[in-house]
Structure formats: C-alpha cells, structure tokens
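The next block holds one structure in the form of structure tokens; read it before the comments.
Each ligand, and each atom within it, is numbered from 1 in the order the structure gives.
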Amino acid sequence: MDKHELRILLLTGILLGTFLFAVLYAANKKNIDVPACIPYSGAFKEPHIRPLDKNTYEVFCVAKMWAFEPSEITIPAGSEVDFYLTSTDVVHGFHIAKKDVNMMAVYGGINKTTVKFNEPGVYKIICHEYCGAGHQNMMAEVIVNRKPINTNQ
Ligand code: CUA
C-alpha cells in the first residue's frame, strides 16, 4: 500500500473516531435531548393544548401550508410543555427562538420534544424548512406569562 493511501486511511480513522466520540459525548454527558419519533395514531386528530396540571402542558401542533395550529400557546412561567408535532402536507420546520428546539413536521409521523419555559416572554415558533410560497410567513408564538400572584394566604 502506498504511504499516502495509508496516511489518508489513518486520517479518516481519526476523524471518524473524533466524530463518534463527539456524538456519544453530547448524548451522554451533555444530556442533549434527541426528539422522539412516535408512530402516527388516531389520538392525534385536532390541534389543541391540554393542561395536565397548572405547570405541565401537552401541545398537539399541526403544521400545514402555511401556518401552525394552534398559532398561539399561552402558559404561565415555569411550565413544562410536551410538543407533539405533525404535518398535513409537506415537510415543515419547527424552531422555537431562544430554545434548543429544532424539529421537523412530517406527514404521517409525530415528533415529540419537551421544553421548559422558565422566563416570561414571547417565544416565536418559526418554520425553518423551505416549504413553498408562504414559507416566510409561517410562524406561531408561545406566550409565557408571569406566574399569577398567589392570593391564598
Ligand atoms: Cu413550513 Cu417553511
């Protein structure tokens, strides 16, 4: 074997090892949450927000040309939200500004991720996958309100 071929092979091996190490390190040590992919079921019919308790919500979000439904999600600060996401047509993106959320909405499939909203504010959800003529207008909002003042003394 030529010595240059050997060098290329060695370099490829080192790069591959580094890449594998980086992926495993991110998944195990940094607790990077990989969105789950759930088989499509009849339970996911209409877009809706379902409170499980006063700080936990499920959002069943449908992406379609060119909107997200529901388009406005209002929750109190400190809430944890499970987003279930699907599409009724083409592939759409689902990015929540200021949060590490980067999901795809895929026809016939459901992706799920969990996000905690501690800080009050408005978090834009945008489609970051080109999906046609109205792509740039495809957005929604998560409105995180301050916690209500507890008046029960
Ligand atoms: Cu939906 Cu771009």
Plane angle bin for Phe94 and Phe68 - parallel if under 30°, tilted between 30 and 60°, otherwise perpendicular: perpendicular
Lys99 side chain to Lys116 backbone, donor-acceptor under 3.5 Å: yes
Quick one, Tyr123 and Ile96 - any side-chain contact, counting heavy atoms below 4.5 Å? yes
Kindly report the ND1-atom 2 (Cu) of ligand 1-O angle for His135 and Glu129 respectively, rounded to 10°. 90°
Taking all heavy atoms of Ala140 and all of Pro70, pick out the closest pair and write down the distance. CB-O, 4.2 Å
SG (Cys131) to atom 1 (Cu) of ligand 1 to SD (Met138) angle, given to the nearest 10 degrees: 120°
Angle in degrees, rounded to 10°, that SG of Cys127 and ND1 of His92 form at atom 1 (Cu) of ligand 1: 130°
